[in-house]
2 protein chains.
Amino acid sequence: MDKQELMLKDYLLQTISATKFHIEYKLPSEYQLVEQFDIPRIKVRNVYTLLEKMGLVYSRKGVGRFIKHQQKPLDVVMTGNISFSEKMKSQTANYKSKLTKFERVAQDHAIYTKADIGQEPLYLVERLRYIDDEPAAIHRSYVVISNMPEIKKIDSRLVSMYQFYQRFGVNEFRSTFSQLSVQYVNEIEREMLNCEVLVPIVKVESDNWDAERNVLLEYTEIIYRTDLFYFQI
Amino acid sequence: MDKQELMLKDYLLQTISATKFHIEYKLPSEYQLVEQFDIPRIKVRNVYTLLEKMGLVYSRKGVGRFIKHQQKPLDVVMTGNISFSEKMKSQTANYKSKLTKFERVAQDHAIYTKADIGQEPLYLVERLRYIDDEPAAIHRSYVVISNMPEIKKIDSRLVSMYQFYQRFGVNEFRSTFSQLSVQYVNEIEREMLNCEVLVPIVKVESDNWDAERNVLLEYTEIIYRTDLFYFQI
DNA sequence: ACACCTTAACTTGTTGCCAAGTTGCGCAGT
DNA sequence: ACTGCGCAACTTGGCAACAAGTTAAGGTGT
């Protein structure tokens, strides 16, 4: 981006952050900004399309460009033993979870390169979490079948992995690591999360052990849209 | 982005991630991709300039486009009482810290809107952290002057805030919150961190108390480039 | 045989032009 | 006075053409 584009980006970001998030706030047209800043129209377009990819703005051909309504982010507590479901239900009335995949993990899946996993057959339970009817997080549990054979019997009524494990005799949980990284989504996850190309995601990878039997229950991967959450550590 | 651009983005991202990070790996030219995928050149350019803004690729006019060398991310442990300096020194030989600002905080600074702070006069100590001579993190300590008046006497020899507090009688630290959010940089921080527009940052905000006296020592804000760190929780 | 210069063919950088959608105003008809 | 239609002026969407930098090959001169 050249200096003119950077200047315009900051100008529009200030406009967006200063605006009291009324629905349908209309931004200046491309030609208004061309005249106001005396720069080529293509540079205005470049900045506008960047803001669109960041999920801040949307356009309607022939009408104009508008600031997108942003939800107030919710708090996710990253430590402690409260399940994600409980965390969300305490902050919003409109939370739900949908089971999107439950199947054996193919032998060539990348998960098998993780050191702790080795070649133990795994069962994937994948859930999409919704807040105010918007997809907000993808929760993947890779369960070690030999340490929790009942996992093969789950069905679409599954509500919480915590409750599932407790039902089958696990009372004490332990985690040996939890790692957070920030990335951009791939296309599959972007469609699942219904977000724009440049909304970064936080990926949290951790494990979950039965502390009494000292066996690995699952390897966990959670993908959060970063525009919908603050993370309490 | 339309489907052709998304397809090309994924194609180039796969090329980048499959490449063994040799310096100066040259990517296909715009016209090679135009012919290979039978799409307009402007769409190829759109995708290439996006990858440039993400910090993955750089271009040289008349020569071509190249994959940027990426450093292997380091681990930052987000909990516990180890100072950032110690965390980094245990992982790399080439770490340094530079004091970039130390001054009273103006009365109209946004920091004074934080609930815990009220209107207590604050002193800002800002450090830029380097890894392998690249800026990697900005560390801001907003110190409560009345609870640590010695802060006004610091100079450019300051190495560690932990050591500073210990020198003035603080032996036991406590934190009441630590919040992580993901954002894009503003222009000032982008220049300090020497990164591209679309490298997201992690901002960690926390407080630090003298546990014995039960007084607030500082409000802390750390800004990390997300391409240089994994976060252990 | 080697070195230097020129030019063609490559590369990326910059911007305008045309297409298509929408809205609002003015005019005509009832 | 009201309603409906047409068109001008607005908006964004899509893409090609020209400018400028670099490199390598070929030809010429020593």
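In what follows, every chain begins at residue 1, and chains take the letters A, B, ... in the order their sequences are listed. Every value quoted in this text rests on a predicted model; they were computed, and no experiment measured them.
Looking at Val199(B), Val182(B), Asp227(B), Ile201(B) one by one, the single match for side chain to side chain contact (heavy atoms under 4.5 Å, CB included) with Val182(A) turns out to be Val182(B).
For the residue pair Ser181(B) / Gln183(B), a side-chain donor-acceptor distance below 3.5 Å is found, with atom types taken as modelled. Side-chain contact check for Asp207(A) and Thr176(A): at least one donor-acceptor pair (N or O, by modelled atom type) lies under 3.5 Å. Asp132(A) and Gln71(A) form a side-chain donor-acceptor contact under 3.5 Å, judged by distance and modelled atom types alone. In this model, a donor atom of one side chain and an acceptor atom of the other lie less than 3.5 Å apart for Asp75(B) and Gln232(B). In this structure, a donor-acceptor pair under 3.5 Å is present between the side chains of Tyr11(A) and Gln36(A).
Every residue was checked against the side-chain contact (heavy atoms from CB on, under 4.5 Å) condition with Thr113(B), not counting sequence neighbours, and none meets it.
Look at OH on Tyr58(B): it is 19 Å from P on dG21(D), rounded to the nearest Å. With rounding to whole Å, Lys61(A) atom NZ is found 7 Å from dT12(D) atom C1'. Counting to the nearest Å, the C1' atom of dG14(D) and the CE atom of Met1(B) are 15 Å from each other.
Put simply, Ser59(A) has a side-chain N or O that comes within less than 4.0 Å of OP1 or OP2 on dG13(D). Applying the 4.0 Å criterion to OP1 and OP2 of dT11(D), one finds that Ser29(A) has a side-chain N or O inside that range.
When DNA chain C is scanned 5' to 3' for any atom under 4.0 Å from a heavy atom of chain B, the first and last hits are dT11(C) to dT14(C).
For DNA chain C, the neighbouring residues in residues 36-51 of chain B, judged by any heavy atom under 4.0 Å, are Arg41(B), Arg45(B).
Taking for each of Gly62(A) and Arg65(B) the nucleotide of DNA chain C with the nearest heavy atom, the 5'-most of the two is the partner of Arg65(B).
In this structure, Lys68(A) does not pair ionically with Glu52(A), as no charged nitrogen and carboxylate oxygen lie closer than 4.0 Å.
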